Amino acid sequence: MATPLSDTPLSPLRTIAVVGLGTMGTGIAEVLARAGRDVVGIDISEAQAATAVAALESSTARAVERGRLTGRERADVLARVRTSTDLGAAADADLVIEVAPESYEIKQQIFRELDGIVRPETILATGTNALSVTRLAADSARPERVLGLHFFNPAPAMKLVEVVSSVLTSPAAVTAVTNLALDLGKEPVAVGDRPGFVADGLLFGYLNQAAAMYEANYASREDIDAAMRLGCGLPMGPLALLDLIGVDTARTVLEAMYAASHDRLHAPAPILRQLSEAGLTGRKAGRGFYTYEAPGSATVVPDTLTPSAGDTPVPGRPVRSVGVAGSGTMASGIAEVFAKAGYEVVLAARSAEKAETARARIGKSLARSVDKGRLTAEAAAQTLERITPTGTYDDFADVDLAVEAVAEDLEVKRQLFATLDKVCKPGAVLATTTSSLPVVACARATSRPQDVIGMHFFNPAPAMKLVEVVRTVLTADDVHATVREVCAKIRKHAVDCGDRAGFIVNALLFPYLNNAVKMVQEHYATLDDIDAAMKLGGGYPMGPFELLDVVGLDVSLAIEKVLHREFRDPGLAPAPLLEHLVAAGCLGRKTGRGFREHARR
(Lines give C-alpha, C1' and ligand atoms only; values in the text may rest on other atoms or scores of the structure.)
Protein backbone atom coordinates (compact mmCIF):
# COMPACT_ATOMS: atom_id res chain seq x y z
CA MET A 1 0.00 0.00 0.00
CA ALA A 2 1.37 3.44 -0.92
CA THR A 3 2.35 5.77 1.87
CA PRO A 4 -0.18 8.63 2.28
CA LEU A 5 1.00 11.73 0.45
CA SER A 6 1.00 13.97 3.53
CA ASP A 7 3.35 11.53 5.31
CA THR A 8 5.75 11.12 2.40
CA PRO A 9 8.83 13.34 2.58
CA LEU A 10 9.57 14.83 -0.82
CA SER A 11 12.98 14.14 -2.30
CA PRO A 12 15.19 17.08 -3.25
CA LEU A 13 14.56 16.26 -6.93
CA ARG A 14 18.16 15.41 -7.72
CA THR A 15 17.54 12.87 -10.49
CA ILE A 16 15.14 13.97 -13.20
CA ALA A 17 13.92 12.10 -16.25
CA VAL A 18 12.88 14.00 -19.36
CA VAL A 19 10.58 12.00 -21.65
CA GLY A 20 10.64 13.29 -25.22
CA LEU A 21 13.89 14.70 -26.62
CA GLY A 22 12.63 17.13 -29.22
CA THR A 23 13.72 20.77 -29.12
CA MET A 24 11.91 21.49 -25.87
CA GLY A 25 12.92 18.27 -24.10
CA THR A 26 16.56 18.75 -25.10
CA GLY A 27 16.48 22.35 -23.83
CA ILE A 28 14.98 21.28 -20.49
CA ALA A 29 17.60 18.55 -20.13
CA GLU A 30 20.34 21.14 -20.65
CA VAL A 31 18.85 23.50 -18.08
CA LEU A 32 18.64 20.72 -15.51
CA ALA A 33 22.16 19.40 -16.14
CA ARG A 34 23.68 22.86 -15.95
CA ALA A 35 21.95 23.28 -12.58
CA GLY A 36 23.65 20.18 -11.23
CA ARG A 37 20.85 17.64 -11.70
CA ASP A 38 21.38 14.12 -12.96
CA VAL A 39 19.29 13.81 -16.12
CA VAL A 40 17.89 10.76 -17.85
CA GLY A 41 16.74 11.70 -21.35
CA ILE A 42 14.26 9.23 -22.80
CA ASP A 43 12.96 9.01 -26.35
CA ILE A 44 11.51 6.11 -28.33
CA SER A 45 13.79 7.06 -31.22
CA GLU A 46 17.50 6.25 -30.92
CA ALA A 47 18.19 8.78 -33.66
CA GLN A 48 16.32 11.51 -31.76
CA ALA A 49 18.23 10.68 -28.56
CA ALA A 50 21.52 10.93 -30.48
CA THR A 51 20.39 14.26 -32.00
CA ALA A 52 19.62 15.56 -28.51
CA VAL A 53 23.10 14.60 -27.25
CA ALA A 54 24.69 16.29 -30.29
CA ALA A 55 22.61 19.43 -29.68
CA LEU A 56 23.66 19.45 -26.03
CA GLU A 57 27.32 19.06 -26.98
CA SER A 58 27.01 21.89 -29.49
CA SER A 59 25.19 24.32 -27.18
CA THR A 60 27.59 23.74 -24.27
CA ALA A 61 30.56 24.18 -26.64
CA ARG A 62 29.12 27.57 -27.64
CA ALA A 63 28.74 28.41 -23.95
CA VAL A 64 32.44 27.70 -23.43
CA GLU A 65 33.36 29.89 -26.43
CA ARG A 66 31.31 32.73 -24.95
CA GLY A 67 32.84 32.37 -21.51
CA ARG A 68 29.63 31.17 -19.85
CA LEU A 69 31.03 27.73 -18.98
CA THR A 70 34.57 26.46 -18.39
CA GLY A 71 35.77 23.35 -20.17
CA ARG A 72 35.59 21.41 -16.89
CA GLU A 73 32.04 22.62 -16.22
CA ARG A 74 31.02 21.55 -19.72
CA ALA A 75 32.44 18.09 -19.17
CA ASP A 76 30.52 17.83 -15.89
CA VAL A 77 27.27 18.91 -17.56
CA LEU A 78 27.64 16.31 -20.32
CA ALA A 79 28.53 13.62 -17.78
CA ARG A 80 25.30 14.28 -15.90
CA VAL A 81 23.14 13.42 -18.93
CA ARG A 82 22.47 9.90 -20.13
CA THR A 83 19.90 8.83 -22.69
CA SER A 84 17.75 5.78 -23.23
CA THR A 85 14.95 4.52 -25.44
CA ASP A 86 13.42 2.60 -22.50
CA LEU A 87 10.92 4.33 -20.19
CA GLY A 88 12.20 1.97 -17.47
CA ALA A 89 15.27 4.21 -17.24
CA ALA A 90 13.09 6.61 -15.22
CA ALA A 91 12.80 4.13 -12.34
CA ASP A 92 15.08 6.05 -9.99
CA ALA A 93 13.91 9.55 -10.94
CA ASP A 94 12.61 11.94 -8.29
CA LEU A 95 10.75 13.87 -11.00
CA VAL A 96 9.70 12.92 -14.50
CA ILE A 97 8.98 15.73 -16.99
CA GLU A 98 7.00 14.55 -20.01
CA VAL A 99 7.34 16.61 -23.20
CA ALA A 100 5.93 14.18 -25.75
CA PRO A 101 3.71 15.31 -28.69
CA GLU A 102 0.47 17.12 -27.78
CA SER A 103 -1.80 14.08 -27.81
CA TYR A 104 -3.90 12.75 -24.94
CA GLU A 105 -3.41 9.21 -26.22
CA ILE A 106 0.39 9.47 -26.25
CA LYS A 107 0.67 11.29 -22.92
CA GLN A 108 -1.81 9.03 -21.12
CA GLN A 109 0.08 5.96 -22.33
CA ILE A 110 3.32 7.42 -20.94
CA PHE A 111 1.73 8.20 -17.56
CA ARG A 112 0.15 4.72 -17.33
CA GLU A 113 3.52 3.09 -17.98
CA LEU A 114 5.27 5.39 -15.51
CA ASP A 115 2.80 4.33 -12.79
CA GLY A 116 4.35 0.86 -12.92
CA ILE A 117 7.94 2.11 -13.10
CA VAL A 118 8.59 5.04 -10.75
CA ARG A 119 8.54 5.16 -6.96
CA PRO A 120 5.25 6.18 -5.27
CA GLU A 121 6.69 9.54 -4.21
CA THR A 122 8.02 10.45 -7.68
CA ILE A 123 6.42 13.60 -9.09
CA LEU A 124 5.09 13.36 -12.64
CA ALA A 125 5.00 16.60 -14.63
CA THR A 126 3.56 17.22 -18.05
CA GLY A 127 5.01 19.93 -20.27
CA THR A 128 1.74 20.38 -22.17
CA ASN A 129 0.61 23.86 -23.09
CA ALA A 130 -2.75 22.82 -24.52
CA LEU A 131 -4.11 19.68 -22.88
CA SER A 132 -5.89 19.29 -19.55
CA VAL A 133 -3.53 18.47 -16.69
CA THR A 134 -6.57 17.30 -14.68
CA ARG A 135 -7.53 14.81 -17.37
CA LEU A 136 -3.99 13.44 -17.51
CA ALA A 137 -3.82 13.26 -13.70
CA ALA A 138 -7.15 11.48 -13.40
CA ASP A 139 -5.82 8.56 -15.46
CA SER A 140 -2.76 8.21 -13.21
CA ALA A 141 -2.60 5.84 -10.23
CA ARG A 142 -1.29 8.77 -8.16
CA PRO A 143 -3.10 11.89 -9.41
CA GLU A 144 -1.92 13.94 -6.43
CA ARG A 145 1.64 13.67 -7.79
CA VAL A 146 0.74 14.91 -11.29
CA LEU A 147 1.05 18.57 -12.28
CA GLY A 148 2.02 20.77 -15.20
CA LEU A 149 5.49 22.22 -15.63
CA HIS A 150 5.36 24.43 -18.71
CA PHE A 151 8.73 25.71 -19.91
CA PHE A 152 9.04 28.16 -22.80
CA ASN A 153 11.15 27.77 -25.92
CA PRO A 154 14.15 28.03 -25.96
CA ALA A 155 14.18 26.59 -22.44
CA PRO A 156 17.80 27.61 -21.59
CA ALA A 157 17.05 31.27 -22.36
CA MET A 158 13.42 31.79 -21.34
CA LYS A 159 12.92 32.61 -17.66
CA LEU A 160 9.23 31.79 -17.27
CA VAL A 161 7.97 28.44 -15.98
CA GLU A 162 4.24 27.98 -15.39
CA VAL A 163 3.52 25.57 -12.52
CA VAL A 164 0.06 24.16 -13.20
CA SER A 165 -2.05 22.61 -10.45
CA SER A 166 -5.18 20.54 -10.94
CA VAL A 167 -7.81 20.12 -8.24
CA LEU A 168 -6.07 16.83 -7.46
CA THR A 169 -2.52 18.14 -7.10
CA SER A 170 -0.76 17.98 -3.73
CA PRO A 171 0.51 21.34 -2.42
CA ALA A 172 3.73 19.55 -1.46
CA ALA A 173 4.33 18.56 -5.10
CA VAL A 174 3.72 22.15 -6.21
CA THR A 175 6.19 23.42 -3.61
CA ALA A 176 8.83 20.92 -4.70
CA VAL A 177 8.73 21.84 -8.39
CA THR A 178 8.43 25.56 -7.62
CA ASN A 179 11.61 25.35 -5.57
CA LEU A 180 13.25 23.42 -8.41
CA ALA A 181 12.28 26.14 -10.90
CA LEU A 182 13.81 28.79 -8.63
CA ASP A 183 16.97 26.69 -8.30
CA LEU A 184 17.16 26.53 -12.11
CA GLY A 185 17.17 30.34 -12.21
CA LYS A 186 13.65 30.48 -13.58
CA GLU A 187 10.68 32.56 -12.47
CA PRO A 188 7.80 30.23 -11.62
CA VAL A 189 4.21 31.43 -11.92
CA ALA A 190 1.46 29.39 -10.23
CA VAL A 191 -1.62 28.88 -12.42
CA GLY A 192 -4.69 26.69 -12.55
CA ASP A 193 -5.57 24.13 -15.17
CA ARG A 194 -7.08 25.68 -18.26
CA PRO A 195 -5.95 25.49 -21.90
CA GLY A 196 -3.04 27.77 -22.66
CA PHE A 197 -2.60 28.64 -18.98
CA VAL A 198 -1.61 32.35 -18.70
CA ALA A 199 1.00 33.18 -21.33
CA ASP A 200 -0.23 30.98 -24.16
CA GLY A 201 -3.85 31.59 -23.16
CA LEU A 202 -3.34 35.28 -23.95
CA LEU A 203 -0.76 34.88 -26.69
CA PHE A 204 -2.57 32.37 -28.90
CA GLY A 205 -5.82 34.33 -28.98
CA TYR A 206 -3.83 37.30 -30.29
CA LEU A 207 -1.98 35.13 -32.83
CA ASN A 208 -5.27 33.66 -34.03
CA GLN A 209 -6.75 37.10 -34.62
CA ALA A 210 -3.65 38.14 -36.55
CA ALA A 211 -3.98 35.04 -38.76
CA ALA A 212 -7.67 35.86 -39.36
CA MET A 213 -6.76 39.48 -40.18
CA TYR A 214 -4.27 38.27 -42.78
CA GLU A 215 -6.71 35.70 -44.16
CA ALA A 216 -9.32 38.45 -44.64
CA ASN A 217 -6.75 40.27 -46.82
CA TYR A 218 -7.09 43.29 -44.55
CA ALA A 219 -3.33 43.88 -44.48
CA SER A 220 -0.23 42.16 -45.80
CA ARG A 221 1.74 39.74 -43.63
CA GLU A 222 4.68 42.18 -43.65
CA ASP A 223 2.50 45.10 -42.53
CA ILE A 224 0.77 43.12 -39.78
CA ASP A 225 4.10 41.98 -38.37
CA ALA A 226 5.75 45.40 -38.70
CA ALA A 227 2.77 47.10 -37.06
CA MET A 228 2.95 44.92 -33.94
CA ARG A 229 6.72 45.15 -33.67
CA LEU A 230 6.89 48.91 -34.10
CA GLY A 231 3.56 49.81 -32.52
CA CYS A 232 3.87 47.59 -29.44
CA GLY A 233 7.60 46.99 -29.13
CA LEU A 234 7.24 43.23 -29.59
CA PRO A 235 10.31 41.19 -30.54
CA MET A 236 8.46 39.44 -33.40
CA GLY A 237 5.33 40.02 -35.42
CA PRO A 238 2.47 37.52 -34.90
CA LEU A 239 2.71 35.75 -38.26
CA ALA A 240 6.49 35.30 -37.99
CA LEU A 241 5.92 34.00 -34.46
CA LEU A 242 3.32 31.50 -35.69
CA ASP A 243 5.90 30.21 -38.14
CA LEU A 244 8.44 29.89 -35.33
CA ILE A 245 6.04 28.10 -32.97
CA GLY A 246 4.64 25.90 -35.73
CA VAL A 247 1.30 26.52 -37.41
CA ASP A 248 0.19 22.98 -36.50
CA THR A 249 1.11 23.51 -32.84
CA ALA A 250 -0.82 26.79 -32.76
CA ARG A 251 -3.85 25.09 -34.27
CA THR A 252 -3.71 22.33 -31.61
CA VAL A 253 -3.49 24.85 -28.76
CA LEU A 254 -6.35 26.94 -30.16
CA GLU A 255 -8.58 23.91 -30.65
CA ALA A 256 -8.06 23.00 -26.98
CA MET A 257 -8.77 26.58 -25.92
CA TYR A 258 -11.91 26.75 -28.03
CA ALA A 259 -13.18 23.43 -26.69
CA ALA A 260 -12.94 24.84 -23.18
CA SER A 261 -14.05 28.44 -23.76
CA HIS A 262 -16.38 28.27 -26.80
CA ASP A 263 -15.12 31.81 -27.43
CA ARG A 264 -15.05 32.49 -31.18
CA LEU A 265 -11.81 34.40 -30.71
CA HIS A 266 -10.20 31.02 -29.94
CA ALA A 267 -11.75 29.15 -32.88
CA PRO A 268 -8.70 28.49 -35.11
CA ALA A 269 -8.67 30.71 -38.19
CA PRO A 270 -9.32 28.52 -41.26
CA ILE A 271 -5.93 29.45 -42.72
CA LEU A 272 -4.24 27.62 -39.83
CA ARG A 273 -5.99 24.40 -40.85
CA GLN A 274 -5.24 24.98 -44.52
CA LEU A 275 -1.54 25.56 -43.92
CA SER A 276 -1.29 22.65 -41.46
CA GLU A 277 -2.96 20.17 -43.80
CA ALA A 278 -0.75 21.33 -46.67
CA GLY A 279 2.33 20.65 -44.54
CA LEU A 280 3.21 24.37 -44.50
CA THR A 281 3.78 24.44 -40.76
CA GLY A 282 6.31 27.26 -40.56
CA ARG A 283 10.07 27.39 -40.19
CA LYS A 284 10.43 23.66 -39.49
CA ALA A 285 8.87 22.91 -42.90
CA GLY A 286 10.61 25.76 -44.73
CA ARG A 287 7.31 27.48 -45.45
CA GLY A 288 4.32 28.78 -43.51
CA PHE A 289 3.10 32.36 -43.63
CA TYR A 290 6.57 33.15 -45.02
CA THR A 291 9.00 31.14 -47.12
CA TYR A 292 12.38 30.19 -45.62
CA GLU A 293 15.77 29.37 -47.09
CA ALA A 294 15.46 25.75 -45.95
CA PRO A 295 13.49 23.70 -43.42
CA GLY A 296 14.58 24.82 -39.96
CA SER A 297 16.13 28.05 -41.26
CA ALA A 298 15.26 31.45 -39.80
CA THR A 299 16.16 33.24 -43.05
CA VAL A 300 13.12 34.51 -44.93
CA VAL A 301 13.43 34.47 -48.72
CA PRO A 302 11.25 36.33 -51.24
CA ASP A 303 8.23 34.55 -52.64
CA THR A 304 5.25 35.47 -54.80
CA LEU A 305 3.69 37.47 -51.93
CA THR A 306 6.77 39.55 -51.18
CA PRO A 307 6.13 43.22 -52.07
CA SER A 308 8.30 44.65 -54.82
CA ALA A 309 10.75 47.33 -53.74
CA GLY A 310 9.88 50.79 -55.00
CA ASP A 311 6.58 49.68 -56.46
CA THR A 312 4.81 53.06 -56.73
CA PRO A 313 2.65 53.05 -59.87
CA VAL A 314 1.03 56.39 -58.97
CA PRO A 315 3.16 59.44 -58.04
CA GLY A 316 2.14 61.44 -54.99
CA ARG A 317 1.30 65.12 -54.78
CA PRO A 318 4.05 67.59 -53.80
CA VAL A 319 4.09 68.46 -50.09
CA ARG A 320 6.15 71.39 -48.85
CA SER A 321 4.08 72.71 -45.94
CA VAL A 322 1.99 70.91 -43.34
CA GLY A 323 -0.83 72.08 -41.10
CA VAL A 324 -1.31 70.31 -37.74
CA ALA A 325 -4.62 70.87 -35.94
CA GLY A 326 -4.63 70.43 -32.18
CA SER A 327 -2.68 71.48 -29.11
CA GLY A 328 -2.30 68.26 -27.11
CA THR A 329 0.65 65.89 -26.76
CA MET A 330 -0.07 64.08 -30.01
CA ALA A 331 -0.46 67.27 -32.06
CA SER A 332 2.75 68.70 -30.60
CA GLY A 333 4.62 65.48 -31.32
CA ILE A 334 3.40 65.32 -34.91
CA ALA A 335 4.32 68.96 -35.53
CA GLU A 336 7.80 68.27 -34.13
CA VAL A 337 8.22 65.26 -36.43
CA PHE A 338 7.32 67.24 -39.55
CA ALA A 339 9.44 70.24 -38.60
CA LYS A 340 12.48 68.03 -37.91
CA ALA A 341 12.07 66.57 -41.42
CA GLY A 342 12.29 70.07 -42.93
CA TYR A 343 8.62 70.86 -43.52
CA GLU A 344 7.18 74.27 -42.77
CA VAL A 345 4.50 73.63 -40.15
CA VAL A 346 1.44 75.66 -39.19
CA LEU A 347 0.29 74.56 -35.74
CA ALA A 348 -3.32 75.62 -35.22
CA ALA A 349 -5.34 75.36 -32.01
CA ARG A 350 -8.63 76.77 -30.72
CA SER A 351 -6.77 79.84 -29.47
CA ALA A 352 -3.43 81.50 -30.15
CA GLU A 353 -2.51 80.93 -26.49
CA LYS A 354 -3.04 77.17 -26.75
CA ALA A 355 -0.99 77.08 -29.95
CA GLU A 356 1.87 78.98 -28.29
CA THR A 357 1.75 76.55 -25.34
CA ALA A 358 1.98 73.62 -27.74
CA ARG A 359 4.96 75.21 -29.51
CA ALA A 360 6.64 75.77 -26.14
CA ARG A 361 6.12 72.07 -25.36
CA ILE A 362 7.90 71.24 -28.61
CA GLY A 363 10.74 73.56 -27.60
CA LYS A 364 11.19 71.63 -24.35
CA SER A 365 11.16 68.33 -26.23
CA LEU A 366 13.83 69.58 -28.63
CA ALA A 367 15.92 70.84 -25.70
CA ARG A 368 15.81 67.36 -24.14
CA SER A 369 17.04 65.94 -27.45
CA VAL A 370 19.93 68.41 -27.40
CA ASP A 371 20.78 67.46 -23.80
CA LYS A 372 20.87 63.79 -24.78
CA GLY A 373 23.11 64.47 -27.76
CA ARG A 374 20.49 63.44 -30.33
CA LEU A 375 20.23 66.90 -31.88
CA THR A 376 22.50 69.92 -32.15
CA ALA A 377 21.37 73.19 -30.62
CA GLU A 378 21.42 74.74 -34.10
CA ALA A 379 19.20 72.00 -35.56
CA ALA A 380 16.78 72.34 -32.63
CA ALA A 381 16.52 76.10 -33.16
CA GLN A 382 15.92 75.66 -36.89
CA THR A 383 13.25 73.05 -36.22
CA LEU A 384 11.39 75.33 -33.83
CA GLU A 385 11.60 78.22 -36.31
CA ARG A 386 9.74 76.14 -38.89
CA ILE A 387 6.68 75.93 -36.61
CA THR A 388 4.20 78.80 -36.81
CA PRO A 389 1.56 78.77 -34.05
CA THR A 390 -1.89 80.19 -34.77
CA GLY A 391 -5.34 80.38 -33.27
CA THR A 392 -7.20 80.11 -36.58
CA TYR A 393 -7.54 77.35 -39.17
CA ASP A 394 -7.68 80.06 -41.83
CA ASP A 395 -3.86 79.86 -41.77
CA PHE A 396 -4.10 76.40 -43.35
CA ALA A 397 -5.01 78.11 -46.65
CA ASP A 398 -1.67 77.28 -48.30
CA VAL A 399 -0.69 73.96 -46.68
CA ASP A 400 -0.29 70.88 -48.88
CA LEU A 401 -1.16 68.45 -46.11
CA ALA A 402 -3.45 69.08 -43.12
CA VAL A 403 -3.25 66.59 -40.23
CA GLU A 404 -5.83 66.76 -37.45
CA ALA A 405 -4.98 65.55 -33.93
CA VAL A 406 -7.94 66.86 -31.94
CA ALA A 407 -10.19 65.07 -29.45
CA GLU A 408 -11.25 61.47 -30.26
CA ASP A 409 -14.85 62.51 -30.79
CA LEU A 410 -16.47 61.93 -34.16
CA GLU A 411 -18.62 65.06 -34.12
CA VAL A 412 -15.64 67.25 -33.17
CA LYS A 413 -13.63 65.74 -36.01
CA ARG A 414 -16.45 66.05 -38.53
CA GLN A 415 -16.85 69.75 -37.72
CA LEU A 416 -13.10 70.24 -38.11
CA PHE A 417 -13.05 68.50 -41.49
CA ALA A 418 -15.94 70.65 -42.67
CA THR A 419 -13.81 73.66 -41.73
CA LEU A 420 -10.70 72.26 -43.43
CA ASP A 421 -12.76 71.66 -46.54
CA LYS A 422 -13.51 75.37 -46.69
CA VAL A 423 -10.08 76.79 -45.84
CA CYS A 424 -7.63 74.36 -47.49
CA LYS A 425 -6.69 74.84 -51.12
CA PRO A 426 -7.84 72.39 -53.81
CA GLY A 427 -5.55 69.35 -53.95
CA ALA A 428 -4.48 69.56 -50.32
CA VAL A 429 -4.44 66.17 -48.58
CA LEU A 430 -6.57 66.02 -45.42
CA ALA A 431 -5.54 63.42 -42.82
CA THR A 432 -6.97 62.28 -39.51
CA THR A 433 -4.93 60.68 -36.71
CA THR A 434 -7.93 58.84 -35.26
CA SER A 435 -7.15 55.51 -33.62
CA SER A 436 -10.68 54.13 -33.53
CA LEU A 437 -13.19 56.25 -35.45
CA PRO A 438 -14.22 55.68 -39.09
CA VAL A 439 -12.07 57.73 -41.43
CA VAL A 440 -14.80 57.73 -44.05
CA ALA A 441 -17.11 59.62 -41.66
CA CYS A 442 -14.54 62.43 -41.57
CA ALA A 443 -14.22 62.25 -45.35
CA ARG A 444 -17.97 62.56 -45.86
CA ALA A 445 -17.95 65.82 -43.89
CA THR A 446 -16.07 67.35 -46.84
CA SER A 447 -16.88 67.97 -50.48
CA ARG A 448 -13.67 66.10 -51.45
CA PRO A 449 -13.68 62.70 -49.73
CA GLN A 450 -11.13 61.45 -52.25
CA ASP A 451 -8.55 63.73 -50.58
CA VAL A 452 -9.09 62.32 -47.07
CA ILE A 453 -6.99 59.56 -45.51
CA GLY A 454 -5.99 58.26 -42.06
CA MET A 455 -2.48 58.78 -40.68
CA HIS A 456 -2.47 57.07 -37.31
CA PHE A 457 0.67 58.10 -35.43
CA PHE A 458 1.62 56.46 -32.14
CA ASN A 459 2.44 58.26 -28.92
CA PRO A 460 5.04 59.71 -28.41
CA ALA A 461 5.11 60.60 -32.10
CA PRO A 462 8.79 61.70 -32.21
CA ALA A 463 9.93 58.32 -30.84
CA MET A 464 7.45 55.83 -32.31
CA LYS A 465 8.38 54.69 -35.82
CA LEU A 466 4.99 53.42 -36.96
CA VAL A 467 2.24 55.17 -38.93
CA GLU A 468 -0.88 53.25 -39.97
CA VAL A 469 -2.01 54.59 -43.35
CA VAL A 470 -5.77 54.11 -43.55
CA ARG A 471 -7.47 54.22 -46.94
CA THR A 472 -11.21 54.53 -47.24
CA VAL A 473 -13.14 53.20 -50.23
CA LEU A 474 -13.15 56.80 -51.51
CA THR A 475 -9.45 57.70 -51.04
CA ALA A 476 -7.65 58.58 -54.30
CA ASP A 477 -4.58 56.58 -55.28
CA ASP A 478 -2.35 59.66 -55.48
CA VAL A 479 -3.45 60.70 -51.97
CA HIS A 480 -2.35 57.30 -50.67
CA ALA A 481 0.94 57.63 -52.58
CA THR A 482 1.45 61.12 -51.14
CA VAL A 483 1.13 59.93 -47.55
CA ARG A 484 3.45 56.96 -48.18
CA GLU A 485 6.06 59.34 -49.62
CA VAL A 486 5.66 61.75 -46.69
CA CYS A 487 6.07 58.89 -44.18
CA ALA A 488 9.35 57.95 -45.83
CA LYS A 489 10.58 61.54 -45.61
CA ILE A 490 9.70 61.88 -41.91
CA ARG A 491 11.44 58.49 -41.36
CA LYS A 492 8.37 56.57 -40.26
CA HIS A 493 7.46 53.03 -41.25
CA ALA A 494 4.10 53.13 -43.01
CA VAL A 495 1.76 50.15 -43.01
CA ASP A 496 -1.38 50.01 -45.13
CA CYS A 497 -4.76 49.00 -43.79
CA GLY A 498 -8.43 49.53 -44.50
CA ASP A 499 -10.93 51.72 -42.71
CA ARG A 500 -12.25 49.48 -39.96
CA ALA A 501 -12.21 49.76 -36.16
CA GLY A 502 -8.82 49.44 -34.50
CA PHE A 503 -6.90 49.27 -37.80
CA ILE A 504 -4.07 46.77 -37.20
CA VAL A 505 -2.47 47.48 -33.83
CA ASN A 506 -5.47 48.33 -31.68
CA ALA A 507 -7.59 45.59 -33.25
CA LEU A 508 -5.01 43.03 -32.12
CA LEU A 509 -3.78 44.67 -28.92
CA PHE A 510 -6.98 45.54 -27.07
CA PRO A 511 -8.72 42.14 -27.23
CA TYR A 512 -5.51 40.71 -25.71
CA LEU A 513 -5.66 43.32 -22.93
CA ASN A 514 -9.36 42.63 -22.40
CA ASN A 515 -8.70 38.90 -22.08
CA ALA A 516 -6.05 39.60 -19.44
CA VAL A 517 -8.64 41.56 -17.44
CA LYS A 518 -11.02 38.60 -17.73
CA MET A 519 -8.34 36.32 -16.24
CA VAL A 520 -8.09 38.52 -13.15
CA GLN A 521 -11.85 38.95 -12.99
CA GLU A 522 -12.21 35.15 -12.91
CA HIS A 523 -9.53 34.88 -10.18
CA TYR A 524 -7.45 32.65 -12.44
CA ALA A 525 -4.18 34.50 -11.86
CA THR A 526 -2.91 37.66 -10.18
CA LEU A 527 -2.00 40.94 -11.89
CA ASP A 528 1.66 40.39 -11.04
CA ASP A 529 1.73 36.82 -12.33
CA ILE A 530 0.03 37.76 -15.60
CA ASP A 531 2.35 40.72 -16.16
CA ALA A 532 5.39 38.55 -15.37
CA ALA A 533 4.14 35.76 -17.64
CA MET A 534 3.75 38.03 -20.66
CA LYS A 535 7.07 39.80 -20.17
CA LEU A 536 9.06 36.63 -19.49
CA GLY A 537 7.12 34.17 -21.67
CA GLY A 538 6.04 36.42 -24.53
CA GLY A 539 8.85 38.98 -24.67
CA TYR A 540 6.43 41.86 -24.16
CA PRO A 541 8.09 45.12 -23.01
CA MET A 542 5.25 45.67 -20.52
CA GLY A 543 2.71 43.36 -18.93
CA PRO A 544 -0.94 43.93 -19.89
CA PHE A 545 -1.86 45.65 -16.62
CA GLU A 546 1.18 47.91 -16.69
CA LEU A 547 0.17 48.90 -20.22
CA LEU A 548 -3.51 49.41 -19.36
CA ASP A 549 -2.56 51.80 -16.57
CA VAL A 550 -0.26 53.73 -18.91
CA VAL A 551 -2.76 53.94 -21.79
CA GLY A 552 -5.64 54.82 -19.46
CA LEU A 553 -8.48 52.52 -18.55
CA ASP A 554 -11.03 54.94 -19.99
CA VAL A 555 -9.20 55.05 -23.32
CA SER A 556 -8.95 51.26 -23.32
CA LEU A 557 -12.64 50.86 -22.54
CA ALA A 558 -13.62 53.26 -25.32
CA ILE A 559 -11.56 51.30 -27.88
CA GLU A 560 -12.97 47.99 -26.63
CA LYS A 561 -16.50 49.33 -27.08
CA VAL A 562 -15.73 50.46 -30.63
CA LEU A 563 -14.29 47.04 -31.52
CA HIS A 564 -17.28 45.24 -29.99
CA ARG A 565 -19.73 47.51 -31.80
CA GLU A 566 -18.00 47.05 -35.16
CA PHE A 567 -17.34 43.30 -35.14
CA ARG A 568 -20.34 42.20 -33.02
CA ASP A 569 -18.31 39.38 -31.48
CA PRO A 570 -19.33 38.50 -27.89
CA GLY A 571 -15.69 37.76 -27.08
CA LEU A 572 -14.87 41.43 -27.69
CA ALA A 573 -17.34 42.72 -25.08
CA PRO A 574 -15.42 44.80 -22.52
CA ALA A 575 -14.66 42.91 -19.31
CA PRO A 576 -17.05 44.08 -16.54
CA LEU A 577 -14.07 44.66 -14.22
CA LEU A 578 -12.69 47.22 -16.68
CA GLU A 579 -16.06 48.98 -16.82
CA HIS A 580 -16.33 49.02 -13.02
CA LEU A 581 -12.88 50.55 -12.55
CA VAL A 582 -13.61 53.28 -15.10
CA ALA A 583 -16.97 54.01 -13.43
CA ALA A 584 -15.10 54.37 -10.12
CA GLY A 585 -12.71 56.91 -11.64
CA CYS A 586 -9.72 54.52 -11.47
CA LEU A 587 -8.26 55.38 -14.86
CA GLY A 588 -4.60 54.44 -14.40
CA ARG A 589 -1.50 56.52 -13.85
CA LYS A 590 -3.21 59.77 -14.71
CA THR A 591 -5.55 59.47 -11.70
CA GLY A 592 -3.08 57.73 -9.38
CA ARG A 593 -4.99 54.47 -9.42
CA GLY A 594 -5.98 51.92 -12.03
CA PHE A 595 -5.24 48.24 -11.68
CA ARG A 596 -2.46 49.35 -9.34
CA GLU A 597 -1.77 52.34 -7.11
CA HIS A 598 0.48 55.03 -8.60
CA ALA A 599 2.14 58.11 -7.16
CA ARG A 600 0.41 61.24 -8.44
CA ARG A 601 2.61 63.28 -10.72
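Note: hydrogens, waters and symmetry copies are ignored here, and every other heavy atom, side chains too, is used. Please read these numbers as outputs of a predicted model, since none were measured by experiment.
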Nearest 0.5 Å please: distance from the [atom1] atom of [X] over to the [atom2] atom of [Y].
X: N208; Y: R264; atom1: CG; atom2: CZ; value: 12.5 Å
X: T83; Y: E46; atom1: OG1; atom2: CD; value: 8.5 Å
X: Q274; Y: L280; atom1: CD; atom2: CG; value: 10.5 Å
X: M464; Y: C232; atom1: CE; atom2: SG; value: 7.5 Å
X: I110; Y: E105; atom1: CD1; atom2: CD; value: 11.0 Å
X: Q521; Y: L577; atom1: CD; atom2: CG; value: 5.5 Å

Check whether any side-chain N or O of [X] sits under 3.5 Å from a backbone N or O of [Y] as a donor-acceptor pair, and report yes or no.
X: Y524; Y: G192; result: yes
X: E215; Y: I271; result: yes
X: Y218; Y: A212; result: no
X: K107; Y: E102; result: no
X: R80; Y: A33; result: yes

[X] to [Y] - nearest heavy-atom pair and separation:
X: A210; Y: L508; value: N-CD2, 3.6 Å
X: P295; Y: A285; value: CG-O, 3.9 Å
X: L124; Y: V118; value: CD2-CG2, 4.2 Å
X: V39; Y: V18; value: CG1-CG2, 4.2 Å
X: A256; Y: A130; value: CB-O, 3.0 Å
X: R221; Y: F289; value: NH1-O, 2.8 Å

Salt-bridge contact [X]-[Y] (side-chain N to carboxylate O under 4.0 Å):
X: K535; Y: E187; result: no
X: D94; Y: R119; result: yes
X: R251; Y: E277; result: yes

**OP:** Report the C-alpha distance between R145 and D115 in whole Å, list the side-chain angles of each, state the deciding distance to 0.1 Å, and finish with yes or no for salt bridge (Lys or Arg N to Asp or Glu O under 4.0 Å).
**Re:** CA-CA 11 Å; R145 291 291 182 176; D115 281 339; over 6 Å; no

Original post:
Excluding sequence neighbours, so at least two apart, what forms ring pair (Phe, Tyr, Trp, His ring centres under 6.0 Å) with F197?
Top reply: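 If we apply the ring pair (Phe, Tyr, Trp, His ring centres under 6.0 Å) test to F197, skipping adjacent residues, the hits are H150.
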
**OP:** Apply salt bridge (Lys or Arg N to Asp or Glu O under 4.0 Å) to the pair D193 and R135, showing each step before the final yes or no.
**Re:** CA-CA 10 Å; D193 183 23; R135 182 170 163 185; over 6 Å; no

Original post:
Under 3.5 Å, is there a donor-acceptor pair between the T252 and T249 side chains?
Top reply: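 No donor-acceptor contact under 3.5 Å links the two side chains.
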
